[in-house]
Amino acid sequence: MRNSPQLFTTPPATLPDREDTAWSLSGGLIGFAAWMLALSFPFFVYGANTLFFFLYTWPFFLALLPVALVTGVALHSLLERRLLLSFIVTLSGVSAMFGALLLWLMN
C-alpha cells in the first residue's frame with residue numbers, strides 16, 4: 001500500500017444556516033386574538049341581539065379565521081417580530097375586514 005496523501009480531498013460539508021421560524025406561532029396567536037376581539041366587537045355595539053344575527057351569518061365570520069391567522073403571521077414577520085406593533089396593526093386590519101363584512105351583510 002502506498003503511503004501518500006489523498007490528491008482529491010473534499011471540504012467538510014457545512015450545514016446551511018437554519019432560519020428561525022419561531023415568529024409563526026406568535027403571529028398566529030396574535031391573529032387569533034385579533035379575530036376574537038373583532039368577533040366580540042358587534043356584541044358591544046348591538047348587544048345580545050347579535051346572537052340572532054350570527055345564527056345565519058356565522059360561516060362568513062368563521063371563514064375570516066384563517067385569513068386573520070395568516071394576516072397575523074405575515075404582519076408579525078414583516079414588522080420584524082415587534083409584538084406590540086404587530087398586534088396593533090393586525091387588530092386594525094382584522095377589524096377592518098370584520099367591519100367590511102358587517103357592512104356587506106347588513107346592506
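For clarity, every value in this text was computed on a predicted model and none was experimentally measured.
The only option from L37, V45, L39 that meets the side chain to side chain contact (heavy atoms under 4.5 Å, CB included) definition with F41 turns out to be V45.
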For residues 53-74, which side-chain N or O atoms pair as donor and acceptor with protein atoms under 3.5 Å away, sequence neighbours left out?
from: T57; atom 1: OG1; to: F53; atom 2: O; distance (Å): 2.7
from: T71; atom 1: OG1; to: V67; atom 2: O; distance (Å): 2.6

Residues 82-107, side-chain donor-acceptor partners within the protein, below 3.5 Å, at least two apart:
from: R82; atom 1: NE; to: L79; atom 2: O; distance (Å): 3.1
from: S86; atom 1: OG; to: H76; atom 2: ND1; distance (Å): 2.9
from: S86; atom 1: OG; to: R82; atom 2: O; distance (Å): 2.8
from: S86; atom 1: OG; to: L83; atom 2: O; distance (Å): 3.0
from: T90; atom 1: OG1; to: S86; atom 2: O; distance (Å): 2.6
from: S92; atom 1: OG; to: I88; atom 2: O; distance (Å): 3.3
from: S92; atom 1: OG; to: V89; atom 2: O; distance (Å): 2.8
from: S95; atom 1: OG; to: L91; atom 2: O; distance (Å): 2.7

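The hydrophobic side chain of F52 is isolated, with no ILVMFWY side chain under 4.5 Å apart from it.
Every pair tested for side chain to side chain donor-acceptor pair (under 3.5 Å) that includes a residue from residues 37-52 fails, sequence neighbours excluded, so the list is empty.
Annotation for F43: atom CZ counts as buried by contact number, over 12 foreign heavy atoms lying within 6.0 Å.
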